[in-house]
Amino acid sequence: MDIKVLANPQEIGAAAGKIFCDFIRNKPDAVFGLATGMTPVPTYEYMANEYAKGNVSFKKLTSFNLDEYCELPREHKNSFYSFMVDNLFSKIDLDHKNINFLDGNAADPAAESERYANAIKAAGGIDIQLLGIGRNGHIGFNEPADEFSDEAFKVKLTDSTIQANSVYFDDVPMPRYAMTMGIGSIVRARKIIMIATGESKAEAVKKMVEGEINAQNPASVLRNHPDVTVFLDREAASLLSKSPESV
Ligand code: F6R
């Protein structure tokens, strides 16, 4: 795990965004794993700006998002699909037929999981995965659990996650369930970029880097992956016992 501490969310967005842009410049038909939430907003801004300047094209990109709420129409403003359209997909030249999302309203979650696993396989696997981290250490919506999941599944969201995300819902109550890629499907990505900003993530970051590797501490599993880069701001890095070198 390569940990870099940068000054602020904008610098993190530029550093992470540059990695994704460089990646697709080298491999135009790359497969990206994408995350939603507030943390990646500057990363997507960087990518959209690079596209606007004519510095990169996403024409042949295939994308897979990590998760989606259940019992929320895909077109609802708080769906993760809408988030991606608003923050990235509407601003770049990605072919919309190459966008992949879990269907939070699938009647049969097991069949939906199989469909997603097959789609990832057919695309050749995920080349590079962007991740945020929950205050409770979740990645995707893999909440602390008794065992690591493998492929996508329907998850009951924890109180911590509901508290963190319900502030964004003003017309309907925040869904209590989501479909998420499993830990196995996340760590099969060949390269992983994790970003975390702010004091509210400091405890989760400390546990990811220094805590026991187990399913109660989901992000800890990334320490077993051979190619993970973590970008933190000073607040998110503030509880680490050994301060990683700032760059
Ligand atoms: C979102 C996701 C979540 C978020 C995490 C942090 O697709 O998978 O794991 O990355 O909840 O969210 P923010 O960035 O809003 O703090």
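Numbering of ligands and ligand atoms starts at 1, following listing order. Just so you know, these numbers come straight off a predicted model, no measurement behind them.
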Around atom 15 (O) of ligand 1, find the nearest protein heavy atom and jot down its residue, atom name and distance. Met38 N, 2.8 Å
Are any of the side-chain nitrogens in Arg176 or Asp159 under 4.0 Å away from the carboxylate oxygens of its partner? no
For ligand 1, which part of Asn165 has a heavy atom less than 4.0 Å away: the side chain, the backbone, both, or neither? neither
Do Lys53 and Glu50 meet the salt-bridge criterion of a basic N to acidic O distance under 4.0 Å? yes
Indicate yes or no for a side-chain donor-acceptor contact from Arg190 to the backbone of Asp227 under 3.5 Å, with no hydrogens or angles considered. no
Ligand 1 contact on Thr39 by region, counting heavy-atom pairs under 4.0 Å: both
When only distance counts, is Thr36 in polar contact with ligand 1, meaning an N/O pair under 3.5 Å? yes
Looking at atom 11 (O) of ligand 1, what's its closest protein heavy atom, distance included? His138 NE2, 2.7 Å
Counting neighbours of NZ on Lys60 that are heavy atoms of other residues, nucleotides or ligands and sit closer than 6.0 Å, is the number greater than 12? no
Taking distance alone, with N or O pairs closer than 3.5 Å, would you say Gly134 contacts ligand 1? no
Just jot down the ligand 1 atoms closer than 4.0 angstrom to any heavy atom of Leu66, in number order. 8 (O)
Is there a ring-ring contact (aromatic ring centres under 6.0 Å, His included) between Tyr116 and Phe101? Walk through the geometry before answering. CA-CA 8 Å; Tyr116 215 56; Phe101 253 87; 8.1 Å; no
Quick one: look up the protein heavy atom nearest atom 10 (O) of ligand 1 and list residue, atom name and how far away it is. Gly132 CA, 3.3 Å
Under 4.0 angstrom from ligand 1, any heavy atom of Lys201? yes
At under 4.0 Å between heavy atoms, is it the side chain or the backbone of Asp67 that contacts ligand 1, or both, or neither? side chain
Using the side chain to side chain donor-acceptor pair (under 3.5 Å) criterion, which residues pair with Asn65? Sequence neighbours excluded. none
Roughly how far, to the nearest 0.5 Å, is CG of Asp2 from CE of Met194? 13.5 Å
Within ligand 1, which atoms have a heavy atom of Ile133 less than 4.0 Å away? 5 (C), 6 (C), 10 (O)
Among all residues two or more places apart in sequence or in another chain, which pass the side chain to side chain donor-acceptor pair (under 3.5 Å) test with Lys27? Asp127
Within 4.0 Å of some non-hydrogen atom of Gly140, the atoms of ligand 1 are 2 (C), 3 (C), 8 (O), 9 (O)
